[in-house]
Structures are given as C-alpha cells and as structure tokens.
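Written out below as structure tokens is the structure these notes cover.
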Amino acid sequence: VTRFVYATATTIDGFIADSDNSLDWLFAVDGGEESIADLGEFVSGVGVLVEGSTTYRWVLDQEDLLEKPEKWQEFYGDKATYVFSSRSDLPLVPGADIRVVSGSVVDHLDAIRQAAGEKDVWLMGGGDLVGQFYDAGALDEVRLSVAAVTLGAGAPLLPRRIESDRLRLTAVKQIGQFATLRYDVGRQVR
Ligand SMILES: NC(=O)c1ccc[n+]([C@@H]2O[C@H](COP(=O)([O-])OP(=O)(O)OC[C@H]3O[C@@H](n4cnc5c(N)ncnc54)[C@H](OP(=O)(O)O)[C@@H]3O)[C@@H](O)[C@H]2O)c1
C-alpha cells in the first residue's frame with residue numbers, strides 16, 4: 001500500500017528554509033551527508049516525489065539543472081515528480097518526468113497513487129503543501145532530521161495543528177549533530 005511520507009531536514013525551531021529560501025545554515029551542520037545517506041532505504045522505496053514550486057526552483061538553481069539536466073536522472077532516476085504550481089511558465093528539466101499540477105490536492109491523489117504503484121510517495125515540502133496533503137487525509141508518516149540550529153524565522157515545517165493522539169513516535173536516532181525522528185500519523189493511534 002502506498003504511503004505518503006514527509007521527509008525533511010528542519011531546525012530545532014521548526015523551519016525548513018530561512019527567509020531567503022537558503023539552506024546554507026543546514027549544510028553547515030555536521031552529519032548532513034550521513035543523515036541523507038541514512039535515508040537510502042526509504043528513497044529506494046519511493047515511486048513519486050511531490051514538491052511545491054519554491055522547492056522545485058530551489059533544486060533547479062542549486063544544482064544548475066537546466067544547464068545540466070543529466071544530473072536530474074542521477075538524483076531521481078525515472079521517478080515521477082509532481083510539482084504544485086499555479087504558474088504556466090515553470091521551467092522544466094529536459095527529459096525529466098515532471099508533472100506540474102495545481103488546485104486541490106484531493107483532485108490529484110488518485111493519479112499520484114497510480115504513478116507510485118506499490119511504492120511510497122515522498123512529500124518533499126514545503127510545509128503548507130504537506131499540510132494540504134494532511135488535510136486531504138494523505139499524510140502517513142513524518143521523518144525529520146532535526147539539525148542543531150535555530151533560525152527564528154523562515155519557511156515553516158508543518159503549519160497545521162495535529163494533536164498528539166494522531167502522532168506516534170516510532171524511531172529516534174542521533175547522526176552527527178542531527179536527531180532523526182520518525183512519527184506515524186494516524187486517525188486513532190491510541
Ligand atoms: N530543509 C529541507 O530539507 C527542505 C525540504 C524541502 C524544501 N525546503 C525549502 O523550503 C522552502 C519551502 O518553500 P515554501 O514554503 O514556499 O513551499 P513550497 O511548497 O516549496 O512552494 C510553495 C508554492 O507552491 C505552489 N503551491 C503550493 N500549493 C499549491 C496548490 N495546491 N496549487 C498550486 N500551487 C501550489 C505556490 O506557488 P505558485 O503557484 O506561485 O507556483 C506556492 O507559493 C524552499 O526554500 C525549499 O527550498 C527545504
């Protein structure tokens with residue numbers, strides 16, 4: 001059964017990017033590469049990526065993917081990527097399976113599930129888009145790499161109220177200066 005999993009790095013105070021959409025603060029924290037490598041098994045079970053347009057553009061710019069489109073395959077293989085955006089002029093990486101969609105998440109769930117097949121869906125962020133999946137009943141797990149840093153402001157991790165009876169902590173691990181935490185998100189977990 002396909003699961004919808006939000007996996008991201010975050011600050012202690014719950015931000016996934018600073019106010020300039022930079023992740024430089026994250027790359028400065030010891031253990032980043034190991035904590036990404038630790039996601040390897042999860043990533044191999046992922047069939048579809050989902051992200052908002054700010055995240056997508058950040059990835060394009062960071063890796064210069066419009067100039068070096070072959071790098072997309074290196075990172076993502078042939079996984080389908082759903083980018084949520086209301087814009088019609090979003091630049092697309094040549095040769096990549098990128099599907100730009102907009103509007104209610106509910107309207108896209110069947111297609112996303114179908115594209116994932118037996119595999120999982122990686123909700124990459126941002127936080128509000130993941131919140132929209134939560135609202136639609138499509139958030140099964142949250143996997144956090146909490147970096148030893150605070151920012152005070154920035155892009156929020158998950159701007160929703162999810163009470164403790166919906167969350168169950170299932171795993172805790174230290175990797176360098178990161179605390180990796182996994183939570184199941186359920187309807188009635190107690
Ligand atoms: N720490 C990490 O590991 C990590 C992980 C992921 C992301 N990030 C960073 O976090 C930041 C997140 O940025 P963000 O909060 O702006 O979130 P985002 O989800 O990446 O982008 C938000 C944009 O997506 C589009 N969108 C969202 N929902 C939509 C819907 N239902 N229909 C149509 N379009 C929709 C809208 O843009 P338009 O309609 O204008 O296109 C919206 O402004 C980025 O800087 C990213 O690089 C960090």
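All of these numbers come straight from a predicted model, not from anything done at the bench. Values below: all heavy atoms of this structure, side chains included; hydrogens, waters and symmetry mates excluded. One-based numbering, in listed order, for ligands and for the atoms of each.
Aromatic ring pairs are classed by plane angle as parallel below 30°, tilted from 30° to 60° and perpendicular above 60°; the pair F133 and F84 is perpendicular.
Looking at heavy atoms from C-beta onward, D38 lies in side-chain contact with K173 at the 4.5 angstrom threshold. Residues L129 and M124 have side chains not in contact (no heavy-atom distance under 4.5 Å, counting atoms from C-beta outward). In this structure, L167 and D184 have side chains that are not in contact, with every pair of non-hydrogen atoms separated by 4.5 Å or more.
The protein heavy atom nearest to atom 16 (O) of ligand 1 is T54 OG1, 2.8 Å. Closest to atom 26 (N) of ligand 1, if we only count protein heavy atoms, is F84 O, 3.6 Å. The single protein non-hydrogen atom nearest to atom 18 (P) of ligand 1 is G126 N, 3.3 Å, given as residue, atom name and distance. For atom 48 (C) of ligand 1, the closest non-hydrogen atom of the protein is I16 O, 3.1 Å. Protein heavy atom nearest atom 6 (C) of ligand 1, with residue, atom name and distance: M124 O, 2.9 Å. The closest protein non-hydrogen atom to atom 45 (O) of ligand 1 is N21 OD1, 2.8 Å. In this structure, atom 28 (N) of ligand 1 lies nearest to the protein heavy atom Q132 NE2, 3.1 Å. For atom 15 (O) of ligand 1, the closest non-hydrogen atom on the protein side is A155 CB, 3.9 Å.
Side-chain N/O atoms of Y134 and R166 include a donor and acceptor closer than 3.5 Å. Checked by atom type, the side-chain pair T11/D13 shows a donor-acceptor distance below 3.5 Å.
The side chain of L129, and not its backbone, has at least one atom closer than 4.0 Å to an atom of ligand 1 (non-hydrogen atoms only; side chain from C-beta on). Proximity of W58 to ligand 1, defined as any heavy-atom pair under 4.0 Å, is confined to the side chain (atoms from C-beta onward). Contacts of E51 with ligand 1, taken as heavy-atom pairs under 4.0 Å, are absent altogether.
Protein heavy atoms all stay at least 4.0 Å away from atom 43 (O) of ligand 1.
Within ligand 1, the atoms closer than 4.0 Å to a non-hydrogen atom of S86 are 33 (C), 34 (N), 38 (P), 39 (O), 40 (O), 41 (O), numbered from 1 in the order shown. In summary, the atoms of ligand 1 found under 4.0 Å from a heavy atom of G125, numbered by their order in the structure, are 19 (O). Residue S102 approaches ligand 1 through these ligand atoms, each under 4.0 Å from one of its heavy atoms: 32 (N), 33 (C). Near A17, the atoms of ligand 1 lying under 4.0 angstrom from a non-hydrogen atom of the residue are 9 (C), 10 (O), 11 (C), 45 (O).
E70 places no side-chain N or O within 3.5 Å of a backbone atom of W72 that could act as its donor or acceptor partner. Not one N or O on the side chain of H108 forms a donor-acceptor pair closer than 3.5 Å with the backbone of G103.
Residue contact check for ligand 1: T8 places a non-hydrogen atom closer than 4.0 Å to it.
Residue G127 has no N or O atom closer than 3.5 Å to an N or O atom of ligand 1. Looking at R87 next to ligand 1, an N or O pair under 3.5 Å apart turns up.
Contact check on D128 versus R160 returns a salt bridge, with a Lys/Arg side-chain nitrogen under 4.0 Å from an Asp/Glu carboxylate oxygen. Checked for salt-bridge contact, E63 and K68 miss the test: no charged N lies under 4.0 Å from a carboxylate O.
Within the model, atoms CZ of F27 and CD of Q62 stand 5.0 Å from one another, a figure rounded to the nearest 0.5 Å. Note that OG1 of T55 is 11.5 Å distant from CG of L49, once rounded to the nearest 0.5 Å.
Considering S53, S145, G103 only, the shortest heavy-atom separation from atom 37 (O) of ligand 1 involves S53.
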